[in-house]
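Below is one structure, written out as structure tokens, with a few remarks after it.
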Amino acid sequence: MRNFEEQLKMLVKSTEEILPLDEFKTKLKRAIDKNRSLVIKYGVDPTSPDLHIGHAVPLRKLRQFQDLGHKVILLIGDFTARVGDPSQKSATRPQLSEKEVALNAKTYTKQAFKILDEKSTIIDYNSRWFSKMNFEEVLELTANFTVARLLERDDFYKRYQKNIPIGLHEFLYPVMQGYDSVMLESDVELGGTDQKFNMLAGRNLQKIYGQEPQAVFTLPILEGIDGVQKMSKSLGNHISLTDEPKDMFGKTMSISDELMIKYFRLATVLPEEEIEAIEKGLRDKSLHPAEIKRRLAREIVSQYYDNKIAQAAEKEFDTVFKKKSLPSDLLEVKLATDLFTNGQIWIVRLIKHAGFAKTNGEAKRLVEQGGVRLNNKVIESADVDVTIDNGDILQVGKRRFAKFVCF
RNA sequence: GGGGGAGUACCCGAGUGGCCAAAGGGGGCAGACUGUAAAUCUGCUGGCGAUGCCUACGGAGGUUCGAAUCCUCCCUUCCCCA
């Protein structure tokens, strides 16, 4: 195990806040002195089964703790998921069924182990205690909080101000998350900055239950590729851990120049000194932004796949977007003969069949805007019928291609 | 229990009898440009093989030649009083 100074330096890096830092130092020092490990709690809400590189930020921090010999508990909020975390939400979330939650939890852990060390990760479920709790115990627990206290929380406050409903059960979310800490007797809890309130609730409750309160690590939230909102699947601005290399690369290339440095810090493992050098290079224009973004995209892809695959993804990107030629793996679309009349098919119908438009109107618009090519020739009018041979290629926009297979 | 507001497209939000498939913004999509799926600029953004028809302003009825808009009841929600 590394010494105190080394550990501290590593752990503090790229966190937003450590609350309170002094307490954490004391805990860490004591653990090292007594040759014990700290219990690190990380709660996950198994609502969306798809992890993205934003989730990777806390996961990597957990991995650091693991590598330093601390004990990481991945707490699946299977019970709380059925409430729905109101954090950053402007409206009540739909509640999930038991079955959905179980399935999500499974895919979640599978992806999380791309980053975490599976052998030394403890997985627990908060239904273990909540499903057995009776109403009397609930009352006892909730009596530790006041409405005013809960309303201090920004999300609740905003909703309240804007006359948006707050469900009574949502009020219970921070209480429950706090109680998780009591049950796990965690020394440290980490989460995104949006989790600050919930994690602090854990400190309160631990004190009340006679435990030493946990230290709280808040980690920065990664913006989505739109650069505005936090990365989330439901907003469609995410880079998923399971994305194909070429999509991972391409999506990274679509972030704005301003966002690059933040992505370097939060989504790659490059050392801080190197990132600072890049930052400087961009500022004095000795480095070209397009080159840097490619570097970023390569770094991200090789992290979840490997170097070679990252290079291939980059090459593919050039093929499609620089040379404007065809991607190597085309989506194959089967065309049955009964789709044709007199050997021809209406272009709008063809686009719909390839899955590039949901409605005729949408397909027509694409054609009218000059976004549709058949064998690299722009289709001028939505009113035409076309003949299709085996291997003909339909392109919609810059990056959607289909190769037809007739039978 | 009493009183007063609010509910509009994917989201925010304007519209208070016809000119409304509904301003504006965001998002999304497409085009141009380029250094990339950056930035910027431009266009499109309910459905239907379509100079028309259908569906749509919380829901159900009603008034009217005509309703997002007026009336009645209901639902949801917020505020004030109790």
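In what follows, chains are A, B, ... by sequence order, proteins preceding strands, each numbered from 1. Remember, it's a predicted structure, so these values are computed and weren't measured experimentally.
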Could you measure between the two P atoms, the one in B:A38 and the one in B:C29, and give it in whole Å? 10 Å
Establish, yes or no, whether a centroid distance under 6.0 Å links the rings of A:F217 and A:F65. yes
Write down the distance separating the P atoms in B:C74 and B:G3, rounded off to the nearest Å. 13 Å
Paired nucleotide for B:U76 [Watson-Crick or G-U wobble; both distances under 3.5 Å]: B:A6
Donor-acceptor contact below 3.5 Å, side chain A:R60 vs main chain A:L266: yes
Distance between the P atoms of B:U69 and B:G62, in whole angstroms? 14 Å
Find which nucleotide of RNA chain B each of A:S254 and A:A382 is nearest to by heavy atoms, and output the residue with the more 5' nucleotide. A:S254
From CD of A:E258 across to P of B:A39 the rounded distance in Å is 8 Å
Give the rounded distance in Å between these two atoms: CD of A:E368 and C1' of B:A32. 18 Å
Should B:C29 form a Watson-Crick or G-U wobble pair with both distances under 3.5 Å, which nucleotide is its partner? B:G43
Rounded to whole Å, the CG-P distance (A:L366 to B:C29) equals 11 Å
Of all of residues 286-303 of chain A, which get a heavy atom below 4.0 angstrom from RNA chain B, listed by number? A:H288, A:P289, A:A290, A:K293
Can you tell me whether the base of B:U51 sits syn or anti, using the 90° cut around 0 to define syn? syn
Pairing nucleotide - B:G1, Watson-Crick or G-U, each distance under 3.5 Å: B:C81
From C-beta outward on A:K364, which listed nucleotide comes closest to its side chain: B:C29, B:A37, B:A50? B:A50
Out of B:C29, B:C48, B:A37, which nucleotide sits closest to the side chain of A:R400? B:C29
Whichever of A:D226 and A:R399 has the more 5' nearest nucleotide on RNA chain B, that residue is A:D226
Which value, in whole Å, describes the distance between the P atoms of nucleotides B:A9 and B:G5? 23 Å
Using atom P of each nucleotide, how far apart are B:G2 and B:C73 to the nearest Å? 14 Å
Interatomic distance at P, B:A39 relative to B:A21, whole Å: 35 Å
Is A:I255 touching bases, backbone alone, or none of the nucleic acid, heavy atoms closer than 4.0 Å? sugar-phosphate
Identity of whatever pairs with B:U64 - Watson-Crick or G-U, under 3.5 angstrom: none
Gap between atoms CD and P, on A:E316 and B:A37 respectively (whole Å): 14 Å
Side-chain-base donor-acceptor pair under 3.5 Å for A:Q369 and B:G31: no
Any salt bridge (Lys or Arg N to Asp or Glu O under 4.0 Å) involving residues 237-256 of chain A? Give me the pairs, sequence neighbours left out, ordered by first then second residue. A:D243-A:K251
Has A:F135 got more than 12 heavy atoms of other residues, nucleotides or ligands less than 6.0 Å from its CZ? no
Does a side-chain N or O from A:T359 land closer than 4.0 Å to OP1 or OP2 of B:G47, or not? yes
Please indicate whether A:K71 has more than 12 foreign heavy atoms, meaning atoms of other residues, nucleotides or ligands, lying under 6.0 Å from its NZ. no
Can you confirm whether the side chains of A:T193 and A:E16 place a donor and an acceptor under 3.5 Å from each other? no
Look at the rings of A:F156 and A:F171 and say which category their plane angle falls in: under 30° parallel, 30 to 60° tilted, over 60° perpendicular. perpendicular
Gap between atoms CG and C1', on A:D318 and B:G35 respectively (whole Å): 11 Å
Partner of B:G35 under the Watson-Crick or G-U wobble criteria, both distances under 3.5 Å, comes out as none
How many Å lie between CG on A:D243 and P on B:A37, as a whole number? 18 Å
What is the base-pairing partner of B:C20, counting Watson-Crick and G-U wobble geometry with both distances under 3.5 Å? none
Which base sits across from B:A56 as a Watson-Crick or G-U pair, both distances under 3.5 Å? none
If you measure from the C1' atom in B:G35 to the same atom in B:U40, how many Å do you get, rounded? 13 Å
Start with the C-alpha gap between A:L62 and A:L59, add the side-chain angles, then the distance that decides, and say whether side-chain contact (heavy atoms from CB on, under 4.5 Å) holds. CA-CA 5 Å; A:L62 285 175; A:L59 289 175; 4.1 Å; yes
Indicate, with a heavy-atom threshold strictly under 4.0 Å, whether A:G397 touches base, sugar-phosphate, or nothing. sugar-phosphate
Rounded to the Å, how far apart are A:F321 CZ and B:A30 P? 10 Å
Could you work out the separation of B:A67 and B:U16 based on their C1' atoms and round it to a whole Å? 11 Å
Would you kindly give the CG-to-P distance between A:L168 and B:C78, to the nearest whole Å? 12 Å
Please check if the number of heavy atoms outside A:K403 that lie under 6.0 Å from its NZ is greater than 12. no
Does anything in residues 382-400 of chain A pair up under salt bridge (Lys or Arg N to Asp or Glu O under 4.0 Å), and if so which pairs, sequence neighbours excluded? none
On a plain distance test, is the side chain of A:D257 in donor-acceptor contact with the base of B:G35 below 3.5 Å? yes
